[in-house]
Participant: 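Pasting in a structure now, in structure tokens, and then I'll have a few things to ask.
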Amino acid sequence: MRIGTTLTNYIIQNQRHIEGATGEFTGLLNDIAVACKKIADLVNKGALVNVLGATDSRNVQGETQKKLDVISNELMIEALRYNGHIAALASEEMDSVYHLPANAPRGKYLLLCDPLDGSSNIDVNVSVGTIFSILKAPDGVTNPSEKDFLRPGTEQVAAGYCLYGPSTMLVLTTGHGVSMFTLDRDFGEFLLTREQVEIPVDTGEFAINMSYQRFWDQPITQYIEECLQGADGPRQKNFNMRWVASMVAEVHRILTRGGVFLYPCHSQLRAAGKAGKLRLLYEANPMAYIVEQAGGAASTGLERILEVNPEEIHQRVPVILGARNEVRRVDELHRSEAG
Ligand code: AHM
Ligand code: MG
């Protein structure tokens, strides 16, 4: 499609690939884009509009919520509530499923989102992002319950993220490759800037939070050790390392110049309920879908992320994603450990 095409036009033209799609899908993506533009505006204004810092509340995972976490969640709900494109919504910032008001029209989609991922970075003016995953509501269900959201990532109709960085960018897949749109603030529109994104199968760059090294399982310890040995070790090449602590920024870097990202399970912390950090339904699944659509791979080490059967809405999962050959190597190490 032509570079500079608006997101709306792009979606309308793409909708024909989606079985049974009506204008509802276009409407839903437009709603999400509107919420993202509003969040982008606040992230951009920051201290000028008093949105930095923390609230007194904690989310269901016990994490202190930032003001912008709460505001972004409200903006997402506000953009979707009365438009008739979704049947319900689930978010990192809400304990349970958000049910639409009784008088709101129902749509056929379910939205899962992390309204502002990487929010520990907000106050230090480093990139953050919104992540979203779209599922179809089961036929005939107008008031979905939590179990209707518990579906493997392979069932996603679309997934995307919006990165609030030096540019605001919306990255989207509907299962036919990955496209990138950049927000033109003069027009107030997301315009297509890149299509058919491809992640190189090999890389010399990994991303992991090294401070948890003592909690890693053996396969992760061995993989990182191999990378660190560089040209003198079994990999016979040097690796560089990055850690932004903002998954959206890490995935965006990987889509742009390659790399592998790891947020493994911290087995020794498992008893304390810390088996990894990232949530399956609204962080790992949408990112895994995008990465696979760009020719990369996404695994827990033991299985393809998109095939994990969810048991609860805020479930956590180990995440290894990016360059296909690196993810394969990590999988191989897990398999040889399992014998
Ligand atoms: P959040 O949803 O509470 O912002 O947490 C998710 C973020 C990811 O974006 C990032 O990869 C990770 O947390 C960083 O975690 P850590 O601080 O352990 O390095
Ligand atoms: Mg998050």
Side-chain angles (χ1 to χ4, degrees), residues 35-36 39 43 51-55 57-73 75-76 89-95 111-133 159-165 169 171 205-216 220 224 241-255 259-270 272-288 290-291 298 300 305 313-322:
C36 290
I39 298 169
V43 168
V51 290
L52 302 185
T55 64
S57 56
R58 289 175 180 272
N59 65 14
V60 65
Q61 10 257 320
E63 298 154 349
T64 305
Q65 288 176 302
K66 298 275 183 186
K67 282 189 203 166
L68 265 175
D69 280 327
V70 175
I71 297 169
S72 303
N73 192 55
L75 287 172
M76 196 55 93
L89 178 155
S91 149
E92 177 174 326
E93 302 307 332
M94 292 182 290
D95 298 6
L111 182 81
L112 288 132
C113 67
D114 180 352
L116 203 62
D117 184 60
S119 51
S120 71
N121 280 322
I122 294 170
D123 297 347
V124 292
N125 201 11
V126 169
S127 300
V128 287
T130 298
I131 310 175
F132 60 91
S133 162
Y161 65 77
C162 187
L163 171 67
Y164 311 110
M169 292 188 73
V171 174
E205 193 163 77
F206 68 88
I208 193 165
N209 184 339
M210 293 289 293
S211 70
Y212 292 116
Q213 189 166 18
R214 68 192 189 285
F215 302 123
W216 297 341
I220 300 295
I224 297 298
M241 197 201 89
R242 287 286 182 276
W243 188 250
V244 187
S246 201
M247 192 197 196
V248 177
E250 322 272 8
V251 170
H252 196 74
R253 184 185 63 248
I254 289 170
L255 289 171
V260 61
F261 167 90
L262 303 94
Y263 207 115
C265 154
H266 300 147
S267 62
Q268 297 178 49
L269 291 176
R270 202 178 282 150
K274 290 199 170 173
K277 177 178 186 189
L278 301 174
R279 273 59 48 128
L280 173 61
L281 290 175
Y282 43 80
E283 293 176 325
N285 268 344
M287 291 313 202
I290 293 168
V291 164
T300 64
I305 287 177
I313 229 158
H314 298 291
Q315 173 174 342
R316 295 174 195 263
V317 71
V319 174
I320 298 123
L321 58 76

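In listed order, ligands and their atoms are each counted from 1. Here the structure is a predicted model, which means the values were calculated and not measured.
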Participant: Return yes or no for this condition: an N or O of Phe261 is under 3.5 Å from an N or O of ligand 1.
Facilitator: no
Participant: Using a 4.0 Å cut-off to any heavy atom of Glu283, which atoms of ligand 1 qualify?
Facilitator: 2 (O), 6 (C)
Participant: Taking the side chain as everything from C-beta on, heavy atoms only, tell me whether Arg279 gets closer than 4.5 Å to Gln315.
Facilitator: no
Participant: At what distance is the nearest protein heavy atom to atom 4 (O) of ligand 1, and which residue and atom is it?
Facilitator: Gly118 N, 2.7 Å
Participant: Below 4.0 Å from ligand 1: does a non-hydrogen atom of Ser119 turn up there or not?
Facilitator: yes
Participant: Flag yes if more than 12 heavy atoms outside Asn209 fall under 6.0 Å of its CG atom; otherwise flag no.
Facilitator: yes
Participant: Nearest 10°: the angle subtended at the Mg ion (ligand 2) by Glu283 OE2 and Asp117 OD1?
Facilitator: 100°
Participant: For ligand 1, which atoms sit closer than 4.0 Å to a heavy atom of Glu92?
Facilitator: 1 (P), 2 (O), 3 (O)
Participant: With the side chain counted from C-beta on, respond yes when Val319 and Leu262 share a heavy-atom pair under 4.5 Å apart, and no when they do not.
Facilitator: no
Participant: Do any N/O atoms on Trp243 end up under 3.5 angstrom from N/O atoms on ligand 1?
Facilitator: yes
Participant: Hey, would you say the Phe261 and Trp243 ring centroids sit under 6.0 Å apart?
Facilitator: yes
Participant: Taking C-beta and beyond as the side chain, do Phe132 and Asp114 meet within less than 4.5 Å on heavy atoms?
Facilitator: no
Participant: Any idea which atoms of ligand 1 are less than 4.0 Å away from a heavy-atom of Arg279?
Facilitator: 1 (P), 2 (O), 3 (O), 5 (O)
Participant: Atom 6 (C) of ligand 1: which protein heavy atom is closest, and how many Å away?
Facilitator: Asp117 OD1, 3.3 Å
Participant: Do Thr130 and Asp117 have side-chain heavy atoms sitting under 4.5 Å apart?
Facilitator: no
Participant: Using distance alone, decide if ligand 1 has a nitrogen or oxygen within less than 3.5 Å of any nitrogen or oxygen in Met247.
Facilitator: yes
Participant: Enumerate the atoms of ligand 1 whose separation from the nearest heavy atom of Asn209 is less than 4.0 angstrom.
Facilitator: 16 (P), 18 (O), 19 (O)
Participant: Below 4.0 angstrom from a heavy atom of Tyr212, which ligand 1 atoms are there? Numbered from 1 as shown, please.
Facilitator: 18 (O)
Participant: So which N/O/S atom does Asp114 have closest to the Mg ion (ligand 2)?
Facilitator: OD2
Participant: Would you check if Glu92 and Glu283 make a side-chain contact, meaning some heavy-atom pair closer than 4.5 Å?
Facilitator: yes
Participant: Out of the N/O/S atoms in Glu92, what is the name of the one closest to the Mg ion (ligand 2)?
Facilitator: OE1
Participant: Using a strict 4.0 Å cut-off to heavy atoms of Asp114, name the atoms of ligand 1 that fall inside it.
Facilitator: 2 (O)
Participant: Let's go through Arg253 and Glu205 carefully: what are the C-alpha distance in whole Å and the side-chain angles of both, what is the deciding distance for salt bridge (Lys or Arg N to Asp or Glu O under 4.0 Å) to 0.1 Å, and is it a yes or a no?
Facilitator: CA-CA 10 Å; Arg253 184 185 63 248; Glu205 193 163 77; 3.5 Å; yes
Participant: Does Ile122 reach the side chain of Leu116, with side-chain heavy atoms less than 4.5 Å apart?
Facilitator: yes
Participant: Which residue holds the protein heavy atom closest to atom 18 (O) of ligand 1, what is that atom called, and what is the gap in Å?
Facilitator: Tyr263 OH, 2.6 Å
Participant: What protein heavy atom lies closest to atom 17 (O) of ligand 1? Include the residue and the distance to one decimal.
Facilitator: Lys277 NZ, 3.8 Å
Participant: Parallel under 30°, tilted from 30 to 60°, perpendicular over 60°: which one fits the rings of Tyr212 and Tyr263?
Facilitator: tilted
Participant: Determine whether the side chains of Ser133 and Asn285 contain a donor N or O and an acceptor N or O closer than 3.5 Å.
Facilitator: no
